[in-house]
Protein chains: 2
Amino acid sequence: MPYDPSAFPPFAVTVDLVVLTVRRHALCALAVRRGEAPYQGRWALPGGFVRGDEDLTTAAARELAEETGLNAHDPAGPVLPNAAHLEQLATYGDPKRDPRMRVVSVAHLALAPDLPAPRPGGDAHSVRWAPVEELLDQEAGYGRDGEQVTPLAFDHAQILADGVERARSKIEYSSLATAFCPQEFTVGELRRVYEAVWGVALDPRNFHRKVTGTPGFLVPTGGTTTRQGGRPAQLFRAGGATLLNPPMLRPEA
Amino acid sequence: MPYDPSAFPPFAVTVDLVVLTVRRHALCALAVRRGEAPYQGRWALPGGFVRGDEDLTTAAARELAEETGLNAHDPAGPVLPNAAHLEQLATYGDPKRDPRMRVVSVAHLALAPDLPAPRPGGDAHSVRWAPVEELLDQEAGYGRDGEQVTPLAFDHAQILADGVERARSKIEYSSLATAFCPQEFTVGELRRVYEAVWGVALDPRNFHRKVTGTPGFLVPTGGTTTRQGGRPAQLFRAGGATLLNPPMLRPEA
DNA sequence: ATCATAGTCGTCTTCCTGACGATAAACAGG
DNA sequence: CCTGTTTATCGTCAGGAAGACGACTATGAT
């Protein structure tokens, strides 16, 4: 097909973010309330237009910083205190996904440790961490004012579901679960991350054997903590290994 | 950020295809020769603009059919003879990836059985199956006419590398390797697919035990064949199982 | 007939996992 | 101080899966 610069239809390109964290033993996602039509008053994933001179990853990192104050973690750079894992998830381009115009959205997945306070971004609209169970609940939910608040706006329920599934499967064979933990954490805290993301209970003894026995996964820092109560636990940092082999097995049935 | 319909920069959106097959015991990708600038004379991945009313997957399936005559396999539908596996790979949107304008490309990965003849598509430009090793070779290669033919145009080397890596890892834990085989195939043929994609040698006895012992992976058709020489081998079709648990282990070191 | 080739079935050892007992070190409350 | 509770950590044992590899089978080629 010969190239004709005038022959392509124009698209708007956005990035949408699935930002996950573990709060109070539940997997939670960041949601923002829409202030305008369409889907006014409904919850949606944070996101925005990609600028004309901006890479997709850059746009996602910018949106993440605007909404949460988190920095995208650069594997090459130093470990920042406010660093979150950020990766591209998938792209959604159904012609009718946005009633206003043709929008292609490049969804990204971010994994962050539990933040002290879910601070609203630069905009005044409301932002919150909501358990993914709640956001993905099939039935329509209504707020105090009678407005419909779930399901999520646009195709964001699908995007969120895809992001959650990506996170669930990826912690099986990578060390990504540490992205949900603070810089220093205990084996028990890491186990609770797995339990929250998978929604299962894991045997503490076998889990301990598995993670401490995988070379390069965890590096002891020397310190201990009793912040979980009980016997003091060793503190670890994430090791250099990013791939778990053999993988952590997700219990089933 | 308030919504302003005039505030978004226009993008062109394309789909690019990483079409993989196994030919003569080597993993090969479909490449087309560019007839115009930029990168005139260089090889590139097949692809094209997404139409104004077209879904991304639809556009990818259309391009695949135009270039190869293959149909995208619909998991819900019947098994077509000319069906290939098709899935979204990733999206590439560096502002400078195309010197002409701002183009975001949604790359897709297609896996196809060895086709009888690599027939050129509707366009007259040349198309060929090339070993991925060759296409990804770092050093610049030159054709008979002295024109530079490698590396691939645009960021297609990166896209191809990502697609190959996706295929390599995905056959570990899914039954996707059967997408490289004809509808009926032997255990040995399936093993040669794994060997070509991974570039390793696998023990025929352990491989046989693994694939025939995984419920739902292979269903015997009753027939046998000697097309590979040696003792006649049982013919199988792909079973319904799509996830392999435990996975096929990729040897290392 | 003999050989080469490919397929199929077994055996053995090793490693990993799941189940679970036991001990250790903190805290709370009587 | 002693006891119960909580969490962490170490150890043991049985079962399953995988790697290494021997043995046998059924074709075609020489």
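Proteins come first, then strands; the chains are lettered A, B, ... in the order of their sequence lines, and each starts at number 1. What you see is a predicted model; the values in this text were computed from it and never measured. The figures that follow rest on heavy atoms only: side chains count, while hydrogens, waters and symmetry mates do not.
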Once you round it to whole Å, what is the distance between [atom2] of [N] and [atom1] of [X]?
X       : N       : atom1 : atom2 : value
Q228(B) : dT5(C)  : CD    : C1'   : 11 Å
L249(A) : dA19(C) : CG    : P     : 12 Å
Q234(A) : dA24(C) : CD    : C1'   : 14 Å
L190(A) : dT7(D)  : CG    : C1'   : 15 Å
F207(A) : dG11(D) : CZ    : P     : 19 Å
R209(B) : dA20(D) : CZ    : P     : 11 Å

Which heavy atom of F185(A) sits nearest a heavy atom of A238(A), and at what distance?
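The pair with the smallest heavy-atom distance is CE2-N, 3.9 Å.
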Which residue, N206(B) or G188(B), contacts DNA chain C at a nucleotide closer to its 5' end, judged by nearest heavy atom?
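Looking at the nearest nucleotide for each, G188(B) comes out on the 5' side.
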For T226(A) and for G229(B), find the nucleotide of DNA chain C with the closest heavy atom, then tell me which residue's nucleotide is more 5'.
G229(B)
Is a donor on one side and an acceptor on the other found under 3.5 Å between the side chain of T186(B) and the backbone of Q234(B)?
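Here the side-chain-to-backbone pair does not exist.
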R231(B) (side chain) and dT25(D) (base): donor-acceptor pair under 3.5 Å:
yes
Using a distance-only criterion (donor-acceptor N/O pair, under 3.5 Å, no hydrogens), is the base of dG22(D) paired with the side chain of R205(B)?
yes
Taking only the side-chain nitrogens and oxygens of K210(B), find out if one of them lies under 4.0 Å from OP1 or OP2 of dA18(D).
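Answer is yes, contact under 4.0 Å.
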Side-chain N,O (H208(A)) to OP1/OP2 (dA8(D)) below 4.0 Å
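No, outside the criterion.
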Nearest-nucleotide pick for A233(A), side chain only, options being dA19(C), dA8(D), dG7(C):
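Closest nucleotide to the A233(A) side chain: dA8(D).
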